[in-house]
Amino acid sequence: MKAIIVDDEKHVREGLMLLADWEKHGIDLIMEAEDGEEAAALIKEHNPEIIFTDMRMPRRDGISLLKWLHAENTASKTIVVSGYDDFEYMRHAITYKSFDYILKPIEPDVLNETLERAVLEWREQALSKSAQAEESRVINEVRPLYWDQLFSGLCLKKELSKDAEEKIQKEYGVHFSSVQKTAAVLSLKACEGDREAAAASISGLCSEHLKDGVCFKNVNKEDELVLLLWKEKNPLGAAEEFIRLVKQKLKLNVLAAAGSTGFQMNETYGEAEAVLLTHDLRLKKTLAVPRDKGDKPLLHLFDFSNELKWAVQSGSIPQTEAQLVKIFAKLEQQHHLSLEQITLWEKQFELLRSNWIKEYEISHKEGFYSGKAYWDSDGHFSMAKFKEEKTKEFTELINILSTVKYQKEKNNMQQIEEYLQQHYQEDITLQEIADKFYLSREYISRKFKQDYQTTLTDYLTGIRMEKAKSLLENPYLKIYEVAYGVGYQNEKYFSKVFKKYTGQTPNEYRQTK
């Protein structure tokens, strides 16, 4: 038997070559192709029984290759290997009769188990029953994705199409438009570990324990599930009991909020979402309900931007922490600690940090610390952890700005020193230097003395006197020519400065050389 591996990444092709047990399955020729175009030519020539293909490739991608294989009606078994858990890719894989869909990184057991099944089915492909069973199996694998898409759409729109109504009726045995519904939103923000796996586990638990309802992943929101109940006499009680079951059986923490019962799914979902975002997390509710919806105004970090800016740019961590203590106190006393408030704080802090970084002309390529561990072991919000995380973010910013500020200040003094070396012959004033380098005279005087342990005037004098010494070694230069050469227009004044600097007059110094 023959096989071909189609992938634009060489290491993926090599990985498949090494991981698959080709000999066990009677495959003695394995070909490689970098894209669908090259693969099509090899497939036409060698007619391999097994085809592994990626979906995203240059020239001819995996979808195009699948279409071509379908049109050619080949007997080959095609296994899609993709790094994208994407519904559209899966849909194309099913439409064009691919055998299976494996996600990267590839697990050897999954790969060889899939390969074994593909080989076996190829050998039995004359049996239409086997082919139909495989198609049904693949459809069932992507079936949950279909319902996630359908119900997620109903969260946002009022109208339900006749086709969707019929499909829900057939699948769940309920006339969806005519039954009252209650939506509860489950956020996985407090969950640790793999949230995709957590979402799958919660959905599975719902299928086992709830007859009149469904739990689906909201494709429009990151890390969010929606528990939709109907025909329940006490839907809020049922939802709360289910959340407790999630915690007890799955050991998962979720933030949950429910909307009011009604016929319109988008309305009960919208209310649940509003309760989730605005209720005070310090209440530590298992399930927040409409009466818990927050109504206090949001605290805006922008309102404290000037105070925070001066504290941060001062480089003083205690000063910044003192400012944060005031903000935290106001936050606790006058506002709700809601998901909406936390999200607003995070966004405004990122904007402030970005602006302050730009002011310092910093190109910060490394990632910033993102403190979001606000939850205790029970999944409840912790104000102490929130303060700790936010303080860490400000501390990191202070350290970055302080380092750059020091380097920038040092660089400014170095440039001024170089300027003195190059222009010592000119009549240089402190104001001229301040104007040139966009710094105050007071700052230049203080910082220059700090870095060079002398005043700027004395440093310039030192440069001129050392140059004068060198010029005086030339017996043909007159004293006034040396004076002019180092920036003095008055010979007598030059001689006075030179004697003060060296202890000798220019003539006395020349006689010693």
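One distance of note links CG of Leu236 with CG of Asn234; it measures 6.5 Å at 0.5 Å rounding. Considering CG of Leu287 and NZ of Lys285, their distance stands at 8.0 Å, rounded to 0.5 Å. Taking CZ of Arg441 as the reference point, atom CG of Leu430 lies at 6.0 Å (rounded to 0.5 Å). Note that CZ of Arg353 is 13.5 Å distant from CG of Leu308, once rounded to the nearest 0.5 Å. Atoms CD1 and CG, from Ile444 and Leu439 in turn, are 5.0 Å apart once rounded to the nearest 0.5 Å. The distance from atom CH2 of Trp147 to atom CD1 of Ile168, rounded to the nearest 0.5 Å, is 6.0 Å.
Sequence neighbours left out, the pairs with a member in residues 303-327 that pass salt bridge (Lys or Arg N to Asp or Glu O under 4.0 Å) are Lys309-Glu359. Listed by first then second residue, pairs satisfying ring-ring contact (aromatic ring centres under 6.0 Å, His included) with a partner in residues 297-347 read Phe328-Trp345, Trp345-Phe386, not counting sequence neighbours.
Within a 6.0 Å radius of CD in Gln431, other residues, nucleotides and ligands contribute more than 12 heavy atoms. By the neighbour-count criterion of 12 heavy atoms within 6.0 Å, atom NZ of Lys390 is densely surrounded, having more than that number from other residues, nucleotides or ligands. Counting non-hydrogen atoms of other residues, nucleotides and ligands closer than 6.0 Å to NZ of Lys449 gives a total of 12 or fewer. For NZ of Lys296, the number of neighbouring non-hydrogen atoms (other residues, nucleotides, ligands) closer than 6.0 Å is greater than 12. Taking a 6.0 Å sphere around NZ of Lys499, one finds it holds 12 or fewer heavy atoms contributed by other residues, nucleotides or ligands.
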Exercise. Before giving the answer on salt bridge (Lys or Arg N to Asp or Glu O under 4.0 Å), spell out for Glu388 and Lys385 the whole-Å C-alpha distance, their side-chain angles and the decisive distance to 0.1 Å.
Key: CA-CA 5 Å; Glu388 182 181 343; Lys385 288 189 175 182; over 6 Å; no
Exercise. Report the C-alpha distance between Thr395 and Tyr369 in whole Å, list the side-chain angles of each, state the deciding distance to 0.1 Å, and finish with yes or no for side chain to side chain contact (heavy atoms under 4.5 Å, CB included).
Key: CA-CA 10 Å; Thr395 300; Tyr369 178 75; over 6 Å; no
Self-check item: Verdict with supporting geometry, Phe349 and Phe394, ring pair (Phe, Tyr, Trp, His ring centres under 6.0 Å)
Solution: CA-CA 9 Å; Phe349 172 72; Phe394 273 95; 4.8 Å; yes
Quiz item: Which is it for Lys284 and Asp378 under the side chain to side chain contact (heavy atoms under 4.5 Å, CB included) test, yes or no, and what are the steps along the way?
Solution: CA-CA 10 Å; Lys284 298 187 177 181; Asp378 292 328; over 6 Å; no
Self-check item: Residue pair Leu299, Gln334: steps toward the side chain to side chain contact (heavy atoms under 4.5 Å, CB included) verdict
Solution: CA-CA 8 Å; Leu299 178 141; Gln334 302 178 24; over 6 Å; no
Quiz item: Run the side chain to side chain contact (heavy atoms under 4.5 Å, CB included) check on Tyr484 and Gln489 step by step: do they pass?
Solution: CA-CA 6 Å; Tyr484 292 158; Gln489 303 303 312; 4.1 Å; yes
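Closest approach of Val81 to Ile106, counting heavy atoms only: CG1-CD1, 3.5 Å. The minimum heavy-atom distance between Phe498 and Gln504, with the atom names listed, is CD2-O, 3.3 Å. Across all non-hydrogen atoms, the minimal contact from Val289 to Val275 is O-CG1, 3.4 Å. In this structure, Pro108 and Leu19 approach most closely via the heavy-atom pair CG-CD2, 3.8 Å. Ser338 and Leu281 make their closest contact through C-CD1, 4.0 Å (heavy atoms, listed as atom of the first residue, atom of the second, distance). Smallest separation of non-hydrogen atoms from Met55 and Ile63: CE-CG1, 3.6 Å.
Considering only residues two or more places apart in sequence or on other chains, Arg13 meets the salt bridge (Lys or Arg N to Asp or Glu O under 4.0 Å) condition with Glu32. Take Glu332 and apply the salt bridge (Lys or Arg N to Asp or Glu O under 4.0 Å) test, not counting sequence neighbours, and it matches Lys387. By the side chain to side chain donor-acceptor pair (under 3.5 Å) test, Tyr419 is found to be paired with Glu432, residues two or more places apart in sequence or in another chain being considered. In this structure Lys181 satisfies the side chain to side chain donor-acceptor pair (under 3.5 Å) test with no other residue, sequence neighbours excluded. Listed by chain and number, the residues in a salt bridge (Lys or Arg N to Asp or Glu O under 4.0 Å) with Glu350 amount to none (sequence neighbours excluded). Residues satisfying the ring pair (Phe, Tyr, Trp, His ring centres under 6.0 Å) test with Tyr501, not counting sequence neighbours, are none. For Asn355, there are no side chain to side chain donor-acceptor pair (under 3.5 Å) partners, not counting sequence neighbours. Scanning for side chain to side chain donor-acceptor pair (under 3.5 Å) contacts around Asp458 gives Thr455, with sequence neighbours left out.
Taking 4.5 Å as the limit, some side-chain heavy atom of Leu420 sits within range of a side-chain heavy atom of Leu456. In this structure, the side chains of Ile463 and Val486 stay at 4.5 Å or more apart for every pair of heavy atoms. Side-chain atoms of Phe381 and Asp280, non-hydrogen and from C-beta on, never get closer than 4.5 Å to each other. A heavy-atom distance below 4.5 Å is found between the side chains of Thr320 and Val312. Residues Leu276 and Ser187 form a side-chain contact, since some pair of their non-hydrogen atoms from C-beta on lies under 4.5 Å apart. At a threshold of 4.5 Å between non-hydrogen side-chain atoms, the residues Ile416 and Tyr452 do not count as touching. Contact check for Ile357 versus Ile400: side-chain heavy atoms found under the 4.5 Å cut-off.
The closest side-chain donor-acceptor pair between Tyr374 and Glu389, if any, does not fall under 3.5 angstrom. Defined by atom type and a distance below 3.5 Å, a donor-acceptor pair is missing between the side-chain atoms of Glu418 and Gln414.
Salt-bridge annotation for Lys104 and Glu9: present, with a side-chain N of the basic residue lying under 4.0 Å from a carboxylate O of the acidic one. Ion pairing between Glu196 and Lys217 holds under the 4.0 Å rule for side-chain N and carboxylate O. With respect to Arg244 and Glu240, a salt bridge is recorded, a charged nitrogen being found less than 4.0 Å from a carboxylate O.
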Show me the side-chain donor-acceptor pairs of residues 251-266 shorter than 3.5 Å, one per line, residues at least two apart or across chains.
from, atom 1, to, atom 2, distance (Å)
Lys251, NZ, Gln248, O, 3.2
Asn253, ND2, Ser377, O, 3.3
Ser260, OG, Glu271, OE1, 2.8
Ser260, OG, Glu271, OE2, 3.3
Thr261, OG1, Thr182, OG1, 2.6

What pairs of donor and acceptor atoms, side-chain ones from residues 220-232 against any protein atom, are under 3.5 angstrom apart with sequence neighbours left out?
from, atom 1, to, atom 2, distance (Å)
Asn220, ND2, Ser152, O, 3.2
Asn220, ND2, Asn218, OD1, 3.4
Lys221, NZ, Glu273, OE2, 3.3
Asp223, OD2, Arg195, NH1, 2.7
Glu224, OE2, Asn218, ND2, 2.8
Glu224, OE2, Tyr269, OH, 3.0

